[in-house]
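Reviewing the structure listed below.
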2 protein chains.
Amino acid sequence: MKNESVVDNIDHRILSSLKKNSRISFADLGRIINLSPSAVRERIQKMEDTGIIKHYNLSLDYKLLGYTIEAFVLVKVFHGNLKALFMLINKLPEIKEAHRITGNQNVHLKVVLKDQLHLQDLIDKLMQYGDTTTFLILSDITPQET
Amino acid sequence: MKNESVVDNIDHRILSSLKKNSRISFADLGRIINLSPSAVRERIQKMEDTGIIKHYNLSLDYKLLGYTIEAFVLVKVFHGNLKALFMLINKLPEIKEAHRITGNQNVHLKVVLKDQLHLQDLIDKLMQYGDTTTFLILSDITPQET
DNA sequence: ATTGAAACCAGCAGGTA
DNA sequence: TACCTGCTGGTTTCAAT
């Protein structure tokens, strides 16, 4: 019997496996959690339909792809410039993540860049819409099991 | 002929498709980029082996899973407390991402929390190792095609 | 990079409790 | 509703080219 929560223990175990490797087959997943492939498939389908699972994505080593700089950029947007900044954000492929946040700054960006000149170009563009604060990323210390 | 870069145009198209849906089959990928499934598989295998592809992961809607707060937390670590903080970070499942950064603060965290009390507990723990600054996430405005 | 063959899996229908 | 089995066509994998 399933409890009344949106996801039960079995769903959590499915999500945990998919976090480790989102390309795992339904059959392998079923072997791990002791369920038939069909049952696994149905549970995953449901989580996709309800929106719990948003996306199956990929993490890349940007250093190996020739991008030497990764950074967080905070923007304290000038009054009335938020919409224009959103439009800029949508045009810049170097911006990998963007969030509206509370606090003295309004927008938080994660960016991936070829070199310092590329960073300078980006900051020049962002400066038109607000004051920027840049933190270069030195290393990723994210725990493995999240 | 392949150029001298670590990845050529075909690899880029493969990565682009995998970013959209990392569960796509080699066969479907082959149909998209006009290559046999085996060739696709070998290219992906190579990118996994070289480390360009780090991980196949999953993005979840944490709101639907009962986590009402997402936030960035910056920590200005007290002198000599960095290692101890790293150990704490590894023990806290609410920390989804962690990076060392340049600037006045030394560590950047992305966290997912049940409620305000949960946030308070986390800040209390982090405070032992440094001064914290918290930005609540209001909304995700990440562009679709990154 | 491709082909071909064996093993394997996804997807679906039909069935159980 | 949640799960299962069994079937069919498609997919993965590997060796040979």
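Convention: sequence-line order gives letters A, B, ...; per-chain numbering from 1.
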Just list the side-chain donor-acceptor pairs under 3.5 Å for residues 122-140 of chain A, sequence neighbours left out, or say none.
{"residue": "T133(A)", "atom": "OG1", "partner": "Q105(A)", "partner atom": "NE2", "Å": "3.4"}
{"residue": "D140(A)", "atom": "OD1", "partner": "T142(A)", "partner atom": "N", "Å": "2.9"}
{"residue": "D140(A)", "atom": "OD1", "partner": "T142(A)", "partner atom": "OG1", "Å": "2.6"}

Original post:
What pairs with E48(B) under side chain to side chain donor-acceptor pair (under 3.5 Å), at least two apart in sequence or on another chain?
Top reply: Y56(B)
Subject >> H99(A): partners by side chain to side chain donor-acceptor pair (under 3.5 Å), with sequence neighbours left out >> reply: none
Subject >> Atom-to-atom span, CG of N34(B) to P of dA1(C) - whole angstrom >> reply: 12 Å
Using a cutoff of under 3.5 Å, can you pull out all pairs of nitrogen or oxygen atoms linking the protein to nucleotides 10-12 of chain D, with atom names and distances?
{"residue": "dT11(D)", "atom": "OP1", "partner": "R31(B)", "partner atom": "NH2", "Å": "2.7"}
{"residue": "dT11(D)", "atom": "OP2", "partner": "R31(B)", "partner atom": "NH2", "Å": "3.4"}
{"residue": "dT12(D)", "atom": "OP1", "partner": "F26(B)", "partner atom": "N", "Å": "3.2"}
{"residue": "dT12(D)", "atom": "OP2", "partner": "F26(B)", "partner atom": "N", "Å": "3.3"}
{"residue": "dT12(D)", "atom": "OP2", "partner": "A27(B)", "partner atom": "N", "Å": "2.9"}

Original post:
Does E94(B) have any side chain to side chain donor-acceptor pair (under 3.5 Å) partners at least two apart in sequence or in another chain, and if so, which?
Top reply: H118(B)
Original post:
At their closest point, which heavy atom of L35(B) faces which heavy atom of A39(B), and how far apart are they?
Top reply: CG-CB, 3.7 Å
Just the table, please: protein N/O against nucleotides 15-17 of chain C N/O, every pair under 3.5 Å.
none

Subject >> side chain to side chain contact (heavy atoms under 4.5 Å, CB included) partners for N104(B), two or more places apart >> reply: K76(B)
**OP:** Linking directly or through intermediates, with side-chain heavy atoms under 4.5 Å: list the remaining ILVMFWY members grouped with L117(B), chain and number order.
**Re:** none
Subject >> Side chain to side chain, L65(B) and M47(A), heavy atoms closer than 4.5 Å >> reply: no
Subject >> Between dT1(D) (P) and R43(A) (CZ): distance, integer Å >> reply: 14 Å
**OP:** Return no unless some side-chain N or O of K46(A) is found under 4.0 Å from OP1 or OP2 of dT1(D).
**Re:** no
Measure all distances between protein nitrogen or oxygen atoms and nitrogen or oxygen atoms of nucleotides 15-17 of chain D, and list the pairs falling under 3.5 Å.
none

Which atom pairs, donor and acceptor, lie under 3.5 Å between side-chain atoms of residues 79-91 of chain B and protein residues at least two apart or in another chain?
{"residue": "N90(B)", "atom": "ND2", "partner": "F86(B)", "partner atom": "O", "Å": "3.0"}

**OP:** Determine to 10° how strongly the helix from dA1(C)-dT17(D) to dA17(C)-dT1(D) is bent, judged from the axes of its five-pair ends.
**Re:** 40°
**OP:** Starting from P on dT1(D), measure out to CG on D49(A) and report it in whole angstrom.
**Re:** 13 Å
Original post:
Side chains of L29(A) and I44(A): does their closest heavy-atom pair fall under 4.5 Å?
Top reply: yes
**OP:** For R31(A), enumerate each residue passing the side chain to side chain donor-acceptor pair (under 3.5 Å) test, keeping only those at least two apart in sequence or located in another chain.
**Re:** D28(A)
Subject >> K114(A)/D121(A) ion pair, N-O < 4.0 Å >> reply: no
**OP:** Considering only NZ, NE, NH1 and NH2 on the basic side and carboxylate oxygens on the acidic side, decide whether D61(B) and K54(A) come within less than 4.0 Å.
**Re:** no
